[in-house]
Amino acid sequence: MTENENIELAELLFGEEELKTREEYEEMYPYRKLGNKSEVTRLAPSPTGFMHLGNLYSALADERIAHTKEGVFFLRIEDTDAKRKVEGAVELVIDSLKYFGIEFDEGEGLGQGSGIYGPYTQSERKEIYHTFAKELVEKGLAYPCFCEEDELEAIRKEQEEKKELTGYYGRYAVWREKSLDEIKEAISMGKPYVLRLRSQGSPDKEFTFKDEIKGEVNLPENIHDVVILKKDGIPTYHFAHAVDDHLMRTTLVLRGGEWLASVPTHVELFNALGFKLPKYAHTAHMMKIDPETGGKRKLSKRSDPEMSLSFYREEGYHPHCIKIYLMTLLNSNFEEWHRNNPEALPEEFPFSVKKMNNSGALFDMDKLESICKDELSMLDEGAVYEFIENWAKEFAPEKHAVYFADKEKMLSVLRLCMGVGQKRRRKDLINAKQALEFVSIFFESPGDGEDEFKQTPEDVKAILEDYLSRFDYEDDNQVWFEKIKEIAQNNGFATDRKVYKENPGNFKGETSDVAEVVRIAITGRANTPDLWSIIHIIGEEEMKERLSAKI
RNA sequence: GGCUUGUUGGUCAAGUGGUUAAGACGCCGCCCUCUCACGGCGGAAACAGGGGUUCGACUCCCCUACAAGCUACCA
């Protein structure tokens with residue numbers, strides 16, 4: 001087609017619409033005035049109503065990249081696929097990220113003053129896309145394609161049989177070289193069409209692309225006449241990405257590694273549109289071991305509950321701990337930094353895109369729990385109280401009513417369980433749910449699933465009876481423990497560890513074994529905070545009741 | 001099938017031509033200790049395989065294996 005025919009075609013396709021010009025848009029959305037090291041990043045989720053760890057992972061990376069250098073982090077909703085749209089999804093994105101302390105500077109759903117680069121929802125940007133699509137048609141870089149699904153299917157089949165590259169390109173691009181008259185005829189028949197890019201790429205050329213994470217990558221040029229506008233006039237991801245990230249002045253596109261393969265398409269699109277290419281950083285996906293195959297695979301929201309962000313809320317993981325965990329995955333030198341600067345906020349860490357991992361990390365629950373223990377142990381009991389209380393109110397109301405009835409009691413329980421005031425803090429608390437369980441010994445008699453005695457039933461009985469007969473509530477911790485030692489002495493247990501070690505055969509055990517019997521009898525557990533203190537929180541009556549149940 | 005990217009101990013990972021190949025989690029042992037913890041010390045445990053290049057390869061190149069991603073009018 002000639003230049004004039006292209007212009008005529010563009011009029012034919014878009015003439016009915018009142019479109020702004022490209023220049024008007026460029027003026028509407030001026031380049032941001034930021035330092036030259038500042039980055040503009042964005043989170044661009046589909047509103048599927050589901051937030052998973054991967055979303056949080058990249059959101060945190062985006063947010064850190066923007067905010068460590070006074071850049072901008074915004075939210076754009078990619079709802080070009082109507083099938084996936086879910087009510088309330090935008091709020092879910094904003095809320096769940098806020099819960100983890102990640103806030104946007106501008107974007108969708110943030111209310112007034114949330115930025116001049118909007119609309120931030122793709123379904124509201126149709127005219128904008130059309131302006132640029134029309135321009136592409138005028139320049140002969142895009143054309144309508146009236147192929148229907150079965151035709152495309154037939155092409156693909158033929159290609160597969162011939163073992164050729166599948167897709168709509170070259171001689172398979174049947175509408176690529178149609179005349180204006182043929183197109184006009186198809187339009188007049190009311191046939192639906194999509195708009196495709198007229199690719200200028202060569203099948204045997206490649207180019208090197210510099211990814212901020214992966215480094216230099218050699219990629220083939222794009223040769224596919226990809227769809228840029230679907231038959232309903234809504235753009236595909238590729239086209240929307242080019243137009244949006246250009247007009248919203250994104251400087252760094254951080255996205256999942258599955259997009260790396262479409263970089264050639266994006267590069268061609270940016271060139272065709274006359275846009276400057278942003279920097280790209282393609283991240284690896286978080287993986288997990290597939291319980292069925294034993295292999296490593298991408299975490300999926302379908303089969304992995306620990307993938308859902310709501311899982312962490314429901315289990316009562318402290319958002320700060322999750323953040324710390326993700327930071328250690330994101331930047332491998334974070335952990336060391338954090339150890340050296342335990343008081344510093346993660347926001348003070350010099351985050352670097354370059355330090356990001358290029359292979360998929362396995363989600364490691366053990367590691368997460370270890371971090372939780374460390375982080376929680378550094379808080380004061382008031383903060384932990386507040387956190388657990390809020391969680392219990394929402395997720396365990398019946399326990400909440402009992403455990404939090406007496407604030408002073410709960411505070412002293414927490415002080416004890418955390419080792420506040422001791423030389424070293426304890427590290428028993430992982431999350432709110434587990435903490436409530438840990439703390440339950442102060443509010444309920446030990447129930448099922450308790451630890452078992454390691455001594456014989458006869459010895460247990462003897463020890464407990466002996467203990468009960470000697471017990472005096474007025475004893476202080478020292479005296480109380482002296483009595484434990486006496487019991488050990490009387491029942492054939494060693495009271496001196498060294499003596500015991502030298503001749504273990506001469507004894508049934510040592511003091512700690514006797515203490516363990518008493519501990520398990522009272523609490524149902526081998527691992528608890530200081531026993532004497534526990535007794536003085538639950539009271540003499542309660543202790544005696546629990547003990548007599550065991551004799 | 002084609003294209004792309006990966007592969008360092010069980011897991012997360014430093015490492016960028018010459019290292020006894022860090023560290024963390026987990027596991028095991030010892031020590032400390034008035035019981036539980038905390039803490040301290042130590043241990044087992046790795047460069048997927050094969051070819052090159054080089055005086056010398058975890059590091060560079062090639063091949064193979066394995067894994068992941070893409071190959072839509074989904075993102």
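Checked against the 6.0 Å centroid criterion, the rings of A:Tyr193 and A:Phe146 qualify as a close aromatic pair. For A:His536 and A:Tyr473, the distance between ring centers is under 6.0 angstrom. Residues A:Tyr280 and A:His241 bring their aromatic ring centres within 6.0 Å.
Between A:Glu216 and A:Lys498, the one whose closest nucleotide on RNA chain B sits nearer the 5' end is A:Glu216. With the nearest nucleotide of RNA chain B identified for both A:Thr511 and A:Tyr193, A:Thr511 has the one nearer the 5' end.
Heavy atoms from other residues, nucleotides or ligands lying under 6.0 Å from NZ of A:Lys162 number more than 12. With a 6.0 Å radius and a threshold of 12 heavy atoms from other residues, nucleotides or ligands, A:Lys231 has its NZ atom at or below the threshold. Within 6.0 Å of CD in A:Glu206 there are more than 12 heavy atoms belonging to other residues, nucleotides or ligands.
Taking side-chain N and O atoms only, A:Thr80 has a distance below 4.0 Å to OP1 or OP2 of B:A75. Taking side-chain N and O atoms only, A:Arg196 has a distance below 4.0 Å to OP1 or OP2 of B:C73. For B:C74, one of the phosphate oxygens OP1 or OP2 lies less than 4.0 angstrom from a side-chain nitrogen or oxygen of A:Lys230.
If you check every strand for non-hydrogen atoms under 4.0 Å, A:Val227 touches sugar and phosphate atoms only. As judged by a 4.0 angstrom heavy-atom cut-off over every strand, A:Cys372 is placed among residues making no nucleic acid contact. When heavy atoms are screened at a 4.0 angstrom cut-off, A:Ala526 is found touching the sugar-phosphate backbone but no base atom. A:Asp232 comes within 4.0 angstrom of nothing in the nucleic acid, heavy atoms only. Nucleic acid contact for A:Trp259: base, since at least one base atom lies under 4.0 Å from a heavy atom of the residue. If you check every strand for non-hydrogen atoms under 4.0 Å, A:Lys231 touches a base. Across all strands shown, A:Asp530 has heavy atoms under 4.0 Å from base atoms, whether or not it also approaches the sugar-phosphate. Within 4.0 Å (heavy atoms only), A:Val518 reaches no atom of the nucleic acid at all. A:Ser332 comes within 4.0 angstrom of the backbone, heavy atoms only, and of no base.
Taking atom CZ of A:Arg525 as the reference point, atom P of B:A37 lies 13 Å away to the nearest angstrom. For the pair A:Tyr143 OH and B:C73 P, the interatomic distance rounds to 12 Å; values are reported in whole Å. Atoms CD (A:Glu149) and C1' (B:C73) sit 8 Å apart, rounded to a whole Å. For the pair A:Trp480 CH2 and B:C36 C1', the computed distance is 10 Å after rounding to whole Å. If you take OH of A:Tyr237 and P of B:C70, they are 13 Å apart, rounded to a whole angstrom. Remark: P of B:C74 and CD1 of A:Ile234 are 10 Å apart, rounded to the nearest angstrom. Between the NZ atom of A:Lys162 and the P atom of B:G2 there is a distance of 19 Å, rounded to whole Å. Rounding to whole angstrom units, CZ of residue A:Arg42 and C1' of B:A75 are separated by 12 Å.
Checking B:C73, B:U5, B:C32 against every side-chain atom of A:Leu260, the shortest atom distance belongs to B:U5. Residue A:Arg519 places its side chain closer to B:C36 than to any other of B:G39, B:C36, B:C70. Nearest nucleotide to the A:Ala515 side chain, out of B:A75, B:C73, B:U35: B:U35. Among the nucleotides B:U71, B:C36, B:U35, the one closest to the side chain of A:Asn527 is B:C36. Here B:C36 is the nucleotide among B:U71, B:C36, B:C74 with the atom lying nearest to any side-chain atom of A:Ser512. Set against B:G39, B:U4, B:U71, the side chain of A:Thr166 has B:U71 as its closest nucleotide. In the set B:C73, B:A37, B:G15, B:C73 carries the atom at the smallest distance from any side-chain atom of A:Val194. Listed candidates were B:A72, B:U5, B:A37. Nearest to the side chain of A:Arg426 is B:A37. Taking every side-chain heavy atom of A:Ala261 into account, B:C70 is the closest of B:U4, B:G39, B:C70. Of all nucleotides listed (B:C12, B:A37, B:G69), B:A37 comes nearest to the side chain of A:Asp428.
Distance check on atom P: B:C31 versus B:A37 gives 16 Å, rounded to whole Å. Here, B:A21 and B:A44 have their P atoms 14 Å apart, quoted to the whole Å. If you take atom C1' in B:U16 and the same atom in B:U59, they sit 6 Å apart, rounded to whole Å. Taking atom P on both nucleotides, B:G69 is separated from B:C30 by 45 Å, rounded to a whole Å. When the C1' atom is used for both B:A14 and B:U71, the distance is 36 Å, rounded to whole Å. Comparing the C1' positions of B:G49 and B:C27 gives a spacing of 29 Å, expressed to the nearest Å. B:U11 and B:A67: their P atoms are spaced 15 Å apart (whole Å). Taking atom C1' on both nucleotides, B:C12 is separated from B:C47 by 16 Å, rounded to a whole Å.
Pairing for B:A22 is absent, judged as Watson-Crick or G-U wobble with the two contacts each under 3.5 Å. Nucleotide B:C70 forms a Watson-Crick or G-U wobble pair with B:G2, both donor-acceptor distances falling under 3.5 Å. Checking B:A14 for Watson-Crick or G-U wobble geometry (two distances, each under 3.5 Å) identifies no partner in any strand. In this structure B:C41 sits in a base pair with B:G29, meeting the Watson-Crick or G-U test at under 3.5 Å.
Within the 4.5 Å cutoff, side-chain heavy atoms of A:Leu43 are placed close to those of A:Leu97.
Taking the centre and axis of the six-membered ring of A:Trp480, the NZ or CZ atom of A:Lys483 falls outside the cone set by 45° and 6.0 Å. The side-chain tip of A:Arg196 points at the ring of A:Tyr168 from less than 6.0 angstrom away and within 45° of straight on.
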One character per nucleotide, please: for nucleotides 23-30 of chain B, 5' to 3', B when the base has a protein heavy atom closer than 4.0 Å, S when only the sugar-phosphate does, - otherwise. SBS-----

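Heavy-atom minimum distance, A:Phe453 versus A:Ala521: CE2-N, 3.7 Å. Looking at every heavy atom in both residues, A:Tyr317 comes nearest to A:Ile430 through CE2-CG2, 4.0 Å.
Salt-bridge formation is not detected for the pair A:Glu369/A:Lys373: no Lys NZ or Arg NE/NH1/NH2 atom is positioned less than 4.0 Å from an Asp or Glu carboxylate oxygen.
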